[in-house]
Amino acid sequence: MTVAVPERHGEVTSAPNEGDHMVKNITIFTTNTCGYCQMVKKYLGAKGMTYEEVNLDEHPHRQAEALQMSGAMTVPVTVVTKTDDSQEIIVGYNLAKLAPAVA
Amino acid sequence: MSDEPKTPQHDVIVVGAGPAALTAAIYTTREDIDTLLFERAVIGGLAAATDKIDNYPGFPDGVEGLVLSDQLRKQAERFGAVIELGEVTAIRDEGELKRLETTSGDMLARAVLIATGSDYKKIGVPGEQDFYARGVHYCATCDGAFYRDKRLVVVGGGNSAFQETIFLTRFASHIDLLVRSTVRASDVLQAELQEFVKAGKVTIHLATTTDEIVGENNAVTKVVGTHDGQKVEFPTDGVFVFVGLMPNSQFVKDTLDLDTIGFIKTDQSLQTSLPGVFAAGDIRSGATMQIASAAGEGATVALKLREYLEGRSHPPQN
């Protein structure tokens with residue numbers, strides 16, 4: 001997967017989805033101490049969206065999975081899977097990317 | 001002519017939601033001053049990204065940055081403060097009202113508080129941008145977990161560099177701390193870090209510049225620096241940079257008077273060059289960059305905002 005490196009924290013992402021598919025599920029890779037992770041959860045919670053959280057402090061063996069998906073050694077990594085099984089991967093707390101991905 | 005649809009209006013709009021902003025909001029909302037906060041990143045600001053805060057009054061054993069931020073948020077929200085997640089991109093003077101251009105559309109305020117704080121500076125050396133988030137980092141609490149049992153370099157000699165180095169010792173096998181000139185961290189932090197130096201977990205390199213971050217196959221492999229005129233190399237898997245702060249004032253650079261670095265100038269009332277627009281906390285020129293000071297300025301500016309609002313009548317609604 002080709003990814004672009006952002007200037008600020010966040011924003012390495014795959015290409016936007018074509019079409020208008022609904023969100024099937026959301027997975028967030030987090031750590032205990034990450035403030036940006038709290039913000040992603042807060043945003044999704046405020047929109048009433050459910051998500052699976054993978055806490056890398058509790059499940060360090062899944063770190064490679066987060067790194068492989070995002071291409072970045074950072075959290076949060078939010079994986080939004082659509083009903084057509086396409087995925088958008090948002091790195092960091094980036095509302096400009098996160099909001100349309102879960103709309 | 002009135003806007004269509006009607007532009008939302010508030011007594012006070014606070015740009016930012018760090019300690020200064022949240023403290024100000026606690027004060028204004030307790031006095032029933034309608035207050036909206038805009039936060040583009042993390043509620044709590046840099047404080048929320050700090051592992052442990054040991055010098056904020058009232059916490060004899062220290063407090064995690066995330067915990068303090070959450071307590072401040074809850075306290076402000078208890079009195080009616082509303083925090084909107086979004087970004088203010090410009091402020092325009094319309095006399096008795098200020099128009100804020102935001103990612104949620106335009107908003108009007110009778111008074112504005114800018115408390116956008118600062119972000120960590122970059123070093124500006126080759127390789128830094130190339131390996132951003134893939135070996136070069138500015139947030140230990142976010143990215144430290146990726147360096148379990150790996151070697152790290154931390155760059156900086158102030159409180160943040162020392163505090164975050166201490167945090168990173170829970171993951172890294174060894175840390176080289178590169179200090180460009182002399183140590184500026186507090187004696188307490190120096191003493192705490194010294195325990196890790198004695199244990200062989202951290203090595204401090206004084207008078208050592210960071211000149212280049214080198215890597216291959218999309219991964220950092222070493223930092224090249226200079227010490228005593230000689231080239232020195234530090235093999236590493238990652239680099240964390242804490243070399244000072246830069247103000248988040250880009251969005252008002254053409255609107256307000258800034259100092260040479262970009263911090264916002266204020267008068268004794270914490271009012272900026274534009275009447276009705278105030279600044280507090282780390283964004284303010286002359287700020288001491290302490291969380292306790294930011295909270296204090298938040299309280300002060302709230303009282304000044306009230307004085308300002310009481311001195312003016314509500315303009316006609318648009």
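Proteins get letters first, then strands, A, B, ... in listed order; numbering begins at 1 in each.
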Worksheet entry | Electrostatic pair A:Asp57-B:Arg148, nearest N-O below 4.0 angstrom |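 Result for this pair is yes, salt bridge flagged.
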Are side-chain heavy atoms of [X] and [Y] found at a separation under 4.5 Å?
| X | Y | answer |
| --- | --- | --- |
| A:Leu95 | B:Leu85 | yes |
| A:Thr74 | B:Tyr138 | no |
| B:Asp143 | A:Met73 | no |

Item to complete: Count the heavy atoms of every other residue, nucleotide or ligand shown that sit under 6.0 Å from CD of B:Glu64, and state whether that count exceeds 12.
Response: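 For B:Glu64, atom CD is not crowded (no more than 12 foreign heavy atoms under 6.0 Å).
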Discussion item. Please check if the number of heavy atoms outside B:Gln250 that lie under 6.0 Å from its CD is greater than 12.
Written reply: no
Discussion item. Can you give me the closest heavy-atom contact between A:Met39 and B:Val42, atom names plus distance?
Written reply: CG-CA, 3.7 Å
Worksheet entry | Non-hydrogen atoms of B:Cys139 and A:Tyr36 that approach each other most closely |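 For B:Cys139 and A:Tyr36, the tightest heavy-atom pair comes out as SG-CE1, 4.3 Å.
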Worksheet entry | Under 4.5 Å from any heavy atom of chain B - which part of A:Gln63 | both
Worksheet item: chain B heavy atoms under 4.5 Å from A:Leu56: which part of the residue, side chain, backbone, both or neither?
Response: both
Practice prompt. Verify, without hydrogens or angle tests, whether B:Arg134 (side chain) and A:Gly71 (backbone) share a donor-acceptor contact under 3.5 angstrom.
Written response: yes
Got a second to check how far [X]'s [atom1] is from [Y]'s [atom2], nearest 0.5 Å?
| X | Y | atom1 | atom2 | value |
| --- | --- | --- | --- | --- |
| A:Lys42 | B:Glu39 | NZ | CD | 11.0 Å |
| A:Asn32 | B:Thr141 | CG | OG1 | 11.0 Å |
| A:Gln38 | B:Leu66 | CD | CG | 5.0 Å |

Worksheet item: Which one, B:Gly135, B:Ala140, B:Ala145, B:Ala48, leads in non-hydrogen pairs under 4.5 Å with chain A?
Response: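 Highest number of pairs under 4.5 Å: B:Ala145.
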